[in-house]
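Down below is the structure, laid out as structure tokens.
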Amino acid sequence: MEFLSAYDQGFARVAAVTLPVVPVDPAANAAAIIEQARSLTDDGVCLAAFPELCLTGYAIDDLLLSDVLLSDVLAAIETLRAASAGLLPALVVGAPLRLGDRLYNCALVIQGGRVRGVAPKSYLPTYREFYEKRHFAPGDALPAGVETIELPGVHGGSDDAEPVARVPFGANLLFEVDDVPGLTFHVEVCEDMWVPVPPSSLAALAGATVLVNISGSPITVGRAEDRELLARSSSARGLAAYVYAAAGQGESSTDLAWDGQTLVYENGELLGSTERFPDGPRATVVDVDVEGLRAERLRQGTFADNARTLSLAAPGGTAPAGTFTDPAAFRRVSIGGADLAAPRTDIGLRRRVDRFPFVPDDPARLAQDCYEAYNIQVAALAQRLGAIGNPKIVIGVSGGLDSTHALIVAARAMDRLGRPRSDIHAITMPGFATSAGTRRNAEDLAVGLGCTFEELDIRATATQMLTEMGHPYGEYARTGVLPDGAGETDLYDVTFENVQAGLRTDFLFRIANHRGGIVLGTGDLSELALGWCTFGVGDQMAHYGVNAGIPKTLIQHLIRWVVAEELFDDAVGRTLLSILDTEISPELVPAGAGGAIQSTQAKIGPYALQDFTLWHVLRRGSRPSRIAFLAHKAWSDADGGDWPEGLPQAERVAYQLPEIRHWLELFHRRFFTSQFKRSTLPNGPKVVAGGSLSPRGDWRMPSDVSATAWLAELERNVPGSAPTDENRDHRPAV
């Protein structure tokens, strides 16, 4: 099933391989490479990188100039070429090759029975233990007009073997894999990554999404960390994957030692690595998110600007001909789909997919993110208050997560400004479904923080409004009898809910006017995405929305972090933990049969899934089928993968594809129809790298567009029954 193939969801499986080398024995080394390549074929790998000079060994000194060895190298290349016809991956192998009277340290790309291209090493180290210019010529200074190299006996592109083939030669080759859209790779050799402007950086600007470095790199104390730093930074700056394979076992230990380090970074994140100093071959096999990298490049406009500045993507550039900044400098080599046919079955995604993209699994990183998020909010609110004359804060407190977090942010902002917390007017406004527990928590928190606390019961005013507008609840409240033809659903409809939400906000604004304050909004990023807010004079509106950049899945961790850091006293900490244990509910409709309270997540979906979708929509612009694929990988097995520290056991659940599909459809329906609410969003700080929904910042879209194309893509490409009509109609309340 194509939906289950990682390749059809924008991923490419790549490998960085190290293996024992037999010095000056190209035939034995070719056989070892073929053995590994067969295993990688079975694993669905389409690109495999082996170490520098792996056909001969790196540390063989003047033997590199031996005619016997160089002849054996050509024979070994022919062996690899012939074997590659029955193998999936494009193989990147290192070998010395002679061109005229010069020898070059080369990376050969061999795939589908052909040598596709040869990339010579550009920069040759001659410092400390290195002496490469004794043997090799630099690949960035080829003789004028040289663009190919002759390889005797190598298949050259026709159906018949030729005695001599001309193969593309140069450090400026980009290899495009037709069967894996977006997979374009570039190869550099060892020292090339250590210079200030590596060839791979320019290749990324020219379109390479995967950067390969085959390396010898003898090991000394601290060098492994340096390699990781360079690979990570190259991948981050280049918005690319960086595949690194170093020489290891078998290399001569006359004066040096070798650790066989392999690793793959993607946009600054480590996807995988193998143990160092291994006994036997090792491979880092990972799935690179090619589609995600292209999405990042599309959104980060300065990436293309940099390419234009360096004339890599703009015709008519002014750089000297033949240089890397020449518009025509990079040459593209196509690897056709008939030659590389990636698996179209469920090969399993070879990478971790975060269940909570907004919430790190690593405890130290989570603590750091919480520190930064909380202090971003505090600093932003303090700045706003100071800029407008230090008004009081008026905030509605319900005992729920959002108002709780906004209140503890406000308290720290007042501390930062040297103002009394009594300048925070925390008002609880019980409605028809307010529970005793949330009411008690709201008061305990506000009083414990030292705020000015009061209660304003809205039930009488709400009843009067419902009565005067002719709503069935008005007559029911007066007589205790349902009006003719009315049922319970007519009583507790969207209007019944929004009258309460609107009155609360209306009171807050008028109280703020009266007391010289501003209304602090409490709604979060997830609610804005789903339109789960009452428009206008409702919780969509405020003078400043301090939580507008915080997703629901992060808020509970922020509150838990505040407790752990003991930012407030123990009594406040106990109240915060009590609030964390409370069901998420708007508390607008009285409990139903059996005392079940109104559940937000039963109506608009689990926030865990909806925040997962939100991140992939905001950060990547991902299509629904890809989100469904990733969500299934992340959520289908509750026992697999990592969970954020502190997440209650009851929330560590699994979701299967039909449920994922259903809530994904609902997300897109609500997301598109709710844009009008976001278009008039109050000011509030962006907090998370995943993005914000501010119409002045990360997200801009018309309010009258349809989700039709996105829903059609979901229907076409995600297997499973479509949701019922009852579940389809989830229009946002206004």
From [atom1] ([X]) to [atom2] ([Y]), nearest 0.5 Å:
X: Leu407; Y: Leu445; atom1: CG; atom2: CG; result: 5.0 Å
X: Leu298; Y: Gln300; atom1: CG; atom2: CD; result: 11.0 Å
X: His632; Y: Asp637; atom1: NE2; atom2: CG; result: 10.0 Å
X: Trp663; Y: Leu609; atom1: CH2; atom2: CG; result: 9.0 Å
X: Ile393; Y: Tyr544; atom1: CD1; atom2: OH; result: 11.0 Å
X: Ser526; Y: Ile604; atom1: OG; atom2: CD1; result: 8.0 Å

Under the criterion side-chain hydrogen bond (donor to acceptor under 3.5 Å, both in side chains), which of His662, Arg669, His668 is the partner of Glu665?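 By the side-chain hydrogen bond (donor to acceptor under 3.5 Å, both in side chains) criterion, Glu665 pairs with just one of His662, Arg669, His668: Arg669.
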Using modelled atom types only, decide if a donor and an acceptor are shared between the side chain of [X] and the backbone of [Y] within a distance under 3.5 Å.
X: Glu475; Y: Thr467; answer: no
X: Ser578; Y: Arg574; answer: no
X: Asn375; Y: Tyr371; answer: yes
X: Ser403; Y: Ser398; answer: yes
X: Glu713; Y: Ser625; answer: yes
X: Asp524; Y: Asn547; answer: no
X: Asp611; Y: Pro551; answer: no
X: Trp643; Y: Arg355; answer: no
X: Arg299; Y: Arg620; answer: yes
X: Gln610; Y: Gly605; answer: no

In terms of side-chain heavy atoms, does [X] have a donor or acceptor partner in [Y] at a distance below 3.5 Å?
X: Thr575; Y: Asp444; value: no
X: Thr680; Y: Gln540; value: yes
X: Thr438; Y: Glu587; value: yes
X: Glu443; Y: Thr428; value: no

Would you tabulate the side-chain donor-acceptor contacts of residues 378-392 under 3.5 Å, counting partners in other chains and residues two or more places apart, or write 'none'?
from, atom 1, to, atom 2, distance (Å)
Arg384, NH1, Asn683, OD1, 3.4
Arg384, NH2, Asn683, OD1, 3.1

So do the side chains of [X] and [Y] get within less than 4.5 Å of each other, counting heavy atoms only?
X: Ile424; Y: Thr452; answer: no
X: Leu528; Y: Lys677; answer: no
X: Arg560; Y: His557; answer: yes
X: Tyr374; Y: Leu567; answer: yes
X: His471; Y: Val499; answer: no
X: Trp532; Y: Arg670; answer: yes
X: Arg412; Y: Val562; answer: no
X: Ile627; Y: Phe667; answer: no

Can you give me the closest heavy-atom contact between [X] and [Y], atom names plus distance?
X: Val546; Y: Gln377; result: O-NE2, 3.0 Å
X: Ala542; Y: Leu520; result: CB-C, 4.2 Å
X: Val718; Y: Arg661; result: O-NE, 3.1 Å
X: Pro360; Y: Pro644; result: O-CB, 4.0 Å
X: Thr600; Y: Pro586; result: OG1-CD, 3.0 Å
X: Thr404; Y: Ile559; result: CG2-CD1, 4.1 Å

I'd like to know if [X] pairs up with [Y] as an ion pair, taking the criterion as any Lys NZ or Arg NE/NH1/NH2 lying under 4.0 Å from an Asp or Glu carboxylate oxygen.
X: Asp289; Y: Arg626; answer: yes
X: Arg421; Y: Asp415; answer: yes
X: Arg365; Y: Asp369; answer: yes
X: Arg439; Y: Glu455; answer: yes

Evaluate the criterion side-chain contact (heavy atoms from CB on, under 4.5 Å) for residue pair Tyr492 and Glu497; output intermediate values, then yes/no. CA-CA 7 Å; Tyr492 306 130; Glu497 296 185 45; over 6 Å; no
Is it true that Phe671 and Trp699 have ring centroids separated by less than 6.0 Å? yes
Looking at Phe356 versus Trp635, is the centre-to-centre ring distance below 6.0 Å? yes
Sort out for me which residue in Leu554, Ile550, Leu614 forms a side chain to side chain contact (heavy atoms under 4.5 Å, CB included) with Leu525. Leu614
Can you confirm whether [X] is buried at [atom1], in the sense that more than 12 heavy atoms of other residues, nucleotides or ligands lie under 6.0 Å from that atom?
X: Arg652; atom1: CZ; answer: yes
X: Tyr476; atom1: OH; answer: no
X: Trp710; atom1: CH2; answer: no

After noting the C-alpha distance and the side-chain angles of Thr522 and Asp539, does the key distance pass the side-chain contact (heavy atoms from CB on, under 4.5 Å) rule? CA-CA 8 Å; Thr522 63; Asp539 55 320; 5.8 Å; no
What do the steps show when you test Gln556 against Glu651 for side-chain contact (heavy atoms from CB on, under 4.5 Å), and what is the final call? CA-CA 12 Å; Gln556 65 165 294; Glu651 296 181 31; 3.2 Å; yes
Within 45° of the six-membered ring axis of Phe629 and under 6.0 Å from that ring's centre, is NZ or CZ of Arg623 located there? no
Any ring pair (Phe, Tyr, Trp, His ring centres under 6.0 Å) pairs touching residues 416-463, not counting sequence neighbours?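 Counting only pairs at least two positions apart or across chains, the ring pair (Phe, Tyr, Trp, His ring centres under 6.0 Å) contacts touching residues 416-463 are Phe432-Tyr473, Phe432-Phe496.
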For Thr461 and Phe507, run side-chain contact (heavy atoms from CB on, under 4.5 Å): C-alpha distance rounded to whole Å, both residues' side-chain angles, the deciding distance at 0.1 Å, then the answer. CA-CA 11 Å; Thr461 307; Phe507 273 124; 4.1 Å; yes
Go through the steps to decide whether Glu583 and Ser599 satisfy the test side chain to side chain donor-acceptor pair (under 3.5 Å), and finish with yes or no. CA-CA 7 Å; Glu583 167 77 21; Ser599 170; 3.1 Å; yes
